[in-house]
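Letters A, B, ... mirror the listed sequences (proteins, then strands); counts begin at 1.
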Amino acid sequence: MLRTHTCGQLRKSDVGTEVTLCGWVESKRDHGGAVFIDLRDRYGLTQVVIGPPEAGSELIDEAGRVPAESVILIRGKVTDRLEGKINEKLATGEIEVRSVHFEVLNACETPPFTPSQSDLPGEDLRLKYRFLDLRRGEMQRAMFLRSKIVKSMRDYFEKHEFIDVETPILGRSTPEGARDYLVPSRVHPTSFYALPQSPQLYKQILMVAGFDRYVQVAKCFRDEDLRADRQPEFTQLDVEMSFVDADDVMGLIDGLVAESAKTVLGKEVSTPLPRMTYSEAMRRFGSDAPDLRFGMEIVDVTAVAKKTEFRVFRGTADSGGFVRGIAVKDAATKYSRRQIDELTEYVKGDFGAKGLAWFRVEDDGTLWSPISKNFDPEHLAEIKTLLEGEPGDLLMFLADTWEVTCKGLAGLRKRLAGELGLIDKDALHCSWVTEFPMFDRDEESGRWVAMHHPFTAPLPSDLPLLEEDPQDCRAQAYDLVINGSEAGGGTVRIHDPATQSKVFDLLGIDEETADDRFGFLLNALKYGAPPHGGIALGIDRWVMLFAGLENIREVIAFPKTQKAADLMTEAPGQVDKDQLAELQLRTVKAKKD
RNA sequence: GGCGCGGUAGCUCAAUUGGUUAGAGCCCCGGACUGUCGAUCCGGAGGUUGCGGGUUCGAGUCCCGUCCGCGUCGCCA
């Protein structure tokens, strides 16, 4: 080792020791006759003094010239700081190192920004110079937290006798689900591999192979548009187990959540984690990943709406729609008409709502609103009672289809809670949402599509519904929700060919297509397939949520921008004509409409 | 693909209704200084206002197009 100690290591007890330190010049205070340097590495900061009597003027001058963020090596003696010069902010603040040797290992060019500057530079610059950005304390902490979380997961599964098996990155495209990233094959011109969206099919086959309990930290790829909590390339903790039901999988993950929260954050999470069915979640929160750190539950007032003369409510209720609302506590004076207009634009623009109805609960307990004259006082009183409105509350309603009221109110609920500061940032609220529907209607084609994936097993009690009423058929599916974010999801899989072909039938996948796309899995299922199920946990999101961050890029070393580019390496990039020729590919510019 | 926010010095930001030579702090460069830890003091350099077009006597500011970054809806089995 070039160094004897790290920059976070030295204490009062080391005074008198000769040490060699290496690190980055975090800051430099040059007094002409003496220079102070804060030397930084991942472990901490140590003050180095280059001055008389032990340093000559040549050394002092050299230290005075060293640019910030250069990597240097210094040798010297650990000494007590002078009376009253102790820096309480530093763990090493009681000592300093008086340098007798000073060496620049790599001088730093003037950097576009420094890790210690208080104004964070724009994110594009941070991404282009990620090596500088990753030197920042926040990024370092996030990466170490990530490492600890992954280790806690690996420890947990090893303790439970899981085997870690790697599955291929070059696989075969399955047009179901998200868009695939494709990789052309040189050896098979005109054929393509696909990067895995998840190791789903491989892990099921590992169950058929008898591994019983499988785990993998798996890179997954989906060529879809990005969000604050979504990257095209992400990491899953992928799990599969044989001879289990949904309870078994959830129970195992309950233990993981509790143990990981405890070892990584020192937080107690009581288990079993609360569970809620999908239909309850949609009814009470309008979302399949409800944020349970605050209340503001959705209330259905369709029955009252039917009795009123207000056309928007009445018309919606009479034509099979829903009128649902939320009570926003103490918000009546906090939201001006203008701000409510903004909320109206929000639900219209983002969720396709036709409008936003609202009432203020006045001091005398009556409801007031620009539309209140359209209502009988007794109906207003009923609405107030249903929402448990109290003076000062703001009641907001959407009159629309079930889907729009769900999405719109869930959006409002989240936005208002954020704006009103109702969310406890320290809370780690974990829960399960269960019994998802098996199928969803595709708006365009009107066909059934699998809500999760086509290998998801229905609830045994709902098996008859596969034929009678697919709409109501529920799946043995479960999502782990942390602070209103989907942190993982899994299902019990179909392991008998009869059910599988019924599901394919419903999805409009004929035998030939099924065989072409998933033949290898269907084949395996015929050769002694145990009942099995599993789950995939989004590691990036876990880290983000455990860290209390709101952006997934903050916990990924080299993330991509919203347009899926890497600003540092400038991927994706052009390739040589020769490379294309070898792959027998030619690029064609798409015609613009 | 839709909607919204943003792009001005190396960095973070400012610039009145469209009006003189586009400013400040940090960074950088030069000088002074032995106790700083956001060092201090003196001096200096640094700009095609993302790019292209238009309106105007005059555009950082208004209009159109385009690129880039961010948020969000669609999308994400």
Exercise. Check whether any side-chain nitrogen or oxygen of A/Arg553 sits under 4.0 Å from OP1 or OP2 of B/rG71, and answer yes or no.
Key: yes
Interface polar pairs with nucleotides 3-8 of chain B, N/O, under 3.5 angstrom:
none

Self-check item: Whether A/Phe504 and A/Phe455 hold their rings parallel, tilted or perpendicular, with breakpoints at 30° and 60°
Solution: perpendicular
Exercise. Tell me whether the guanidinium CZ or amine NZ of A/Arg474 lies under 6.0 angstrom from the six-membered ring centre of A/Phe436 and within 45° of its axis.
Key: no
Quiz item: Reckon A/Thr114 touches a base, only the sugar-phosphate, or nothing at all at heavy-atom distances under 4.0 Å?
Solution: nothing
Practice problem: In whole angstrom, give me the gap between the C1' atoms of B/rG60 and B/rG19. | Solution: 13 Å
Taking N or O atoms only and anything under 3.5 Å, show me the protein contacts with nucleotides 23-28 of chain B, one pair per line.
none

Self-check item: Any A/Arg227 side-chain nitrogen or oxygen under 4.0 Å from OP1 or OP2 of B/rG74
Solution: no
Quiz item: Is A/Glu550 salt-bridged to A/Lys425, cutoff N-O under 4.0 Å?
Solution: yes
Quiz item: Could you run down nucleotides 33-45 of chain B 5' to 3' and tag each one B, S or - for protein heavy-atom contact under 4.0 Å?
Solution: BBBBBSB------
Quiz item: Tell me the side-chain hydrogen bond (donor to acceptor under 3.5 Å, both in side chains) pairs involving residues 486-495 of chain A, sequence neighbours left out?
Solution: A/Glu240-A/Arg493, A/His453-A/Arg493, A/Thr491-A/Arg493
Quiz prompt | From B/rC11, B/rU72, B/rC76, nucleotide with atom closest to A/Leu125 side chain | solution = B/rC11
Practice problem: Write down the distance separating the C1' atoms in B/rG7 and B/rC51, rounded off to the nearest Å. | Solution: 11 Å
Self-check item: A/Lys563 vs B/rC70: side-chain N/O to OP1/OP2 distance below 4.0 Å
Solution: no
Practice problem: Output every pair passing side-chain hydrogen bond (donor to acceptor under 3.5 Å, both in side chains) with a member in residues 32-46 of chain A, not counting sequence neighbours, ordered by first then second residue. | Solution: A/Glu26-A/Arg40, A/Ser27-A/Asp38, A/Arg29-A/Asp38, A/Arg40-A/Glu69
Quiz item: Could you give all pairs that pass the side-chain hydrogen bond (donor to acceptor under 3.5 Å, both in side chains) test and reach residues 112-122 of chain A, with sequence neighbours left out?
Solution: none
Quiz item: Does CH2 belonging to A/Trp448 count more than 12 external heavy atoms closer than 6.0 Å?
Solution: yes
Quiz item: Does any nucleotide pair with B/rG4 by Watson-Crick or G-U wobble geometry, both distances under 3.5 Å, and what is it?
Solution: B/rC70
